Amino acid sequence: MKKTVLITGASSGIGKASALYFAQRGWNVAATMRRPELETELQQQQGIRLFSLDVTQPESIEKALADTLAHFGRLDVVVNNAGYAIKGAFEAASPEQIQRQFDTNVFGLMQVVRAVLPYFRQQGQGTIINVASVGGRLTFPLYSLYHSTKWAVEGFSESLQYELAPLGIRIKIIEPGPIKTDFYDRSQDLVTKEGLTAYTPYQQAVLPLMDKVAARAEGPEVVAKTIYSAATDGKSRLRYASGRGTAALLLMRRLLSTTLFMGMVRRVAERGRKQGMPNQ
Ligand SMILES: NC(=O)c1ccc[n+]([C@@H]2O[C@H](COP(=O)([O-])OP(=O)(O)OC[C@H]3O[C@@H](n4cnc5c(N)ncnc54)[C@H](OP(=O)(O)O)[C@@H]3O)[C@@H](O)[C@H]2O)c1
């Protein structure tokens with residue numbers, strides 16, 4: 001029997017690449033997104049059906065799940081992929097911006113898990129794949145809010161897998177490194193606050209380094225592949241690094257002391273400052 005996967009944030013990047021990857025391997029795909037009416041490419045693919053789902057709207061999660069079950073008759077895997085990043089100095093972020101970052105990346109993901117659990121329990125099986133980030137295990141400057149959401153996803157997923165394993169439900173965490181998608185463009189919200197200039201020189205030096213990394217990054221297909229392996233390998237493995245150099249970076253983070261690792265990050269940021277950034 002054909003298996004079914006539901007993916008959040010399938011309008012672009014990793015979510016869209018995953019929708020195509022699963023469909024090409026004969027899966028039914030519920031490609032969910034905030035505005036399915038704007039999506040044209042996935043519409044035409046066999047096995048893919050678009051559903052409206054905003055992770056910050058619990059009723060839309062319930063409806064998308066019900067519609068998926070009504071249309072495909074079953075659900076085997078859920079991929080919690082929707083997310084975006086706030087970047088910039090923490091002090092510049094408003095309470096609303098902080099709330100929205102957590103509403104999307106953490107509480108939205110939890111709502112999807114809450115909605116699907118009764119169904120997976122009844123079925124006695126199911127796999128929940130949470131797209132965290134390499135940034136859920138280590139940190140870079142000026143992404144404190146984004147990192148804190150991804151660290152939350154890591155902790156949530158790691159603890160949750162204990163209570164779900166006896167019920168036949170698996171949790172998987174995907175940890176992509178830098179991947180070339182809309183993430184470095186429209187899915188990043190640079191926070192600013194009128195009159196707050198104390199962080200400007202540091203920001204001007206450090207943020208372009210991230211853009212450079214993004215420019216050299218691989219496309220989202222590599223993560224789609226990792227997500228597919230996590231969905232199909234039949235293992236109880238929890239974490240899957242994804243992307244060039246990601247596993248090595250995580251290994252380095254594990255082997256080095258926090259002081260050494262943070263010193264390394266600081267030195268890279270410092271290099272950015274020395275490369276002729278203003279006010280230095
Ligand atoms: N790219 C990277 O380097 C990288 C690295 C590590 C982890 N990740 C993670 O990978 C995931 C996917 O990112 P991406 O790189 O594929 O970026 P992307 O192309 O910008 O995709 C982000 C997706 O999230 C959706 N989204 C945002 N808010 C949503 C909401 N409230 N409800 C439903 N969908 C929402 C966006 O939908 P709209 O089209 O409606 O905006 C879009 O489909 C994110 O969780 C991100 O944190 C990315």
Side-chain angles (χ1 to χ4, degrees), residues 6-21 30-42 50-61 63-65 78-87 97 99-112 115 129-140 143 145-154 156-157 173-189 210-224 226-227 230 239-246 249-250:
L6 180 149
I7 303 170
T8 67
S11 64
S12 68
I14 294 169
K16 187 171 193 168
S18 301
L20 290 167
Y21 198 85
T32 76
M33 58 196 74
R34 288 190 282 195
R35 285 158 301 167
E37 65 282 4
L38 302 182
E39 174 55 46
T40 49
E41 189 189 349
L42 294 181
L50 307 193
F51 297 105
S52 172
L53 192 163
D54 181 331
V55 296
T56 65
Q57 306 292 325
E59 32 340 314
S60 89
I61 297 172
K63 183 160 187 333
L65 188 56
V78 168
V79 180
N80 279 307
N81 163 74
Y84 77 99
I86 284 184
K87 67 178 173 184
Q97 287 169 320
Q99 187 66 47
R100 188 173 152 253
Q101 176 76 106
F102 274 80
D103 281 345
T104 305
N105 292 13
V106 182
F107 304 131
L109 176 146
M110 287 179 176
Q111 285 290 356
V112 174
I129 300 181
N130 294 332
V131 179
S133 169
V134 69
R137 310 280 299 283
L138 45 81
T139 67
F140 300 112
Y143 282 83
L145 287 166
Y146 178 68
H147 281 302
S148 55
T149 64
K150 293 300 183 178
W151 281 54
V153 169
E154 290 272 353
F156 169 65
S157 308
I173 306 171
I174 309 296
E175 296 167 337
I179 300 295
K180 205 182 277 178
T181 63
D182 289 355
F183 182 75
Y184 290 95
D185 186 9
R186 69 182 184 95
S187 293
Q188 293 215 355
D189 183 8
M210 294 305 284
D211 296 335
K212 271 191 203 161
V213 170
R216 287 196 304 263
E218 295 163 274
E221 296 72 24
V222 66
V223 187
T226 308
I227 291 174
R239 290 188 164 87
Y240 297 72
S242 186
R244 198 189 306 126
T246 308
L249 183 62
L250 287 172

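Atoms within each ligand, like the ligands themselves, are counted from 1 in listed order. What's counted below: heavy atoms across the whole structure, side chains too, no hydrogens, waters or symmetry copies. Note that the numbering runs from 1 along the sequence shown for the chain. A quick note: this is a predicted structure, and the numbers were derived from the prediction, not measured.
Remark: ligand 1 and Ser187 share an N or O pair separated by less than 3.5 Å (distance only, no angle test).
The heavy atom nearest to atom 31 (N) of ligand 1, out of those in Asp54, Ile7, Leu38, Ile179, is found in Asp54. Which of Ser11, Ala64, Pro176 comes nearest to atom 39 (O) of ligand 1 through a heavy atom is settled by distance: it is Ser11.
Summarising the geometry of Thr104 relative to Gly83, their closest heavy-atom pair is CG2-CA, 4.2 Å, with the distance given to 0.1 Å. Taking every heavy atom of both residues into account, Ala132 and Glu154 meet most closely at CB-OE2, 3.7 Å. Between Arg186 and Ser12 the shortest heavy-atom distance is NH2-OG, 3.0 Å. Considering every non-hydrogen atom in both Asn81 and Thr8, the closest pair reads N-OG1, 2.9 Å. The shortest non-hydrogen separation linking Tyr84 to Ser187 is CB-O, 3.3 Å. Taking every heavy atom of both residues into account, Phe140 and Leu249 meet most closely at CZ-CD2, 4.4 Å.
Below 4.0 Å from some heavy atom of Asn81 lie the following atoms of ligand 1, by number and element: 10 (O), 11 (C), 12 (C), 44 (C), 45 (O). Within the listing of ligand 1, atoms 40 (O) sit less than 4.0 angstrom from a heavy atom of Arg35. When each atom of ligand 1 is checked for a heavy atom of Gly13 under 4.0 Å away, the hits are 16 (O), 19 (O). If you number the atoms of ligand 1 from 1 as listed, the ones under 4.0 Å from a heavy atom of Arg186 come out as 38 (P), 39 (O), 41 (O), 42 (C).
Here the straight-line distance linking atom CG of Asp185 with atom NZ of Lys180 works out to 12.0 Å at 0.5 Å rounding. Here the OG-CZ distance, from Ser133 to Phe183, works out to 6.5 Å after rounding to the nearest 0.5 Å. Remark: Phe51 CZ to Leu65 CG distance equals 10.0 Å, nearest 0.5 Å. Taking OG1 of Thr149 as the start and CZ of Phe156 as the end, the distance is 13.5 Å to the nearest 0.5 Å.
Ranking protein heavy atoms by distance to atom 21 (O) of ligand 1, first place goes to Ser12 OG, 3.3 Å. Atom 22 (C) of ligand 1 has Gly83 O, 3.5 Å as its closest protein atom, hydrogens excluded (heavy atom only). In terms of protein heavy-atom proximity, atom 14 (P) of ligand 1 is closest to Thr181 OG1, 3.4 Å. Gly9 CA, 3.8 Å is the protein heavy atom nearest to atom 25 (C) of ligand 1. Summary of contacts: the protein heavy atom closest to atom 27 (C) of ligand 1 is Arg34 NH2, 3.5 Å. Protein heavy atom closest to atom 32 (N) of ligand 1, with residue, atom name and distance, is Val55 N, 3.0 Å. Protein heavy atom at the shortest distance from atom 16 (O) of ligand 1 is Ile14 N, 2.8 Å. If you check which protein heavy atom lies closest to atom 26 (N) of ligand 1, you get Ala82 CB, 3.9 Å.
With a 4.0 Å heavy-atom cut-off, ligand 1 is reached by the side chain of Tyr146 but not by its N, CA, C or O. Residue contacts with ligand 1, taken as heavy atom pairs separated by less than 4.0 Å, do not involve Val223 at all. At a heavy-atom distance under 4.0 Å, no atom of Ala85 approaches ligand 1.
Residues Val55 and Gln111 are not in side-chain contact: their nearest non-hydrogen atoms beyond the backbone lie 4.5 Å or more apart. Two residues are said to be in side-chain contact when any heavy atoms from C-beta on lie closer than 4.5 Å; Lys87 and Tyr184 fail this criterion. Between Ile174 and Tyr240, the closest side-chain pair of non-hydrogen atoms falls below 4.5 Å.
Residue contact annotation: Met33 has no non-hydrogen atom under 4.0 Å from ligand 1. Proximity of Gly135 to ligand 1 is not established, as no heavy-atom distance is less than 4.0 Å. At least one heavy atom of Lys150 sits less than 4.0 Å from an atom of ligand 1. The closest approach between a heavy atom of Thr32 and any atom of ligand 1 is not below 4.0 Å. For the ligand labelled ligand 1, residue Thr104 lies inside the 4.0 Å heavy-atom shell. No heavy atom of Ala217 sits closer than 4.0 Å to any atom of ligand 1. For Pro178, the heavy-atom gap to ligand 1 drops under 4.0 angstrom.
Judged by distance alone, with hydrogens and angles left aside, the side-chain atoms of Thr32 form a donor-acceptor pair with the main-chain N or O of Ile7 at under 3.5 Å. Distance alone, capped at 3.5 Å, places no donor-acceptor pair between the Trp151 side chain and the Tyr146 backbone.
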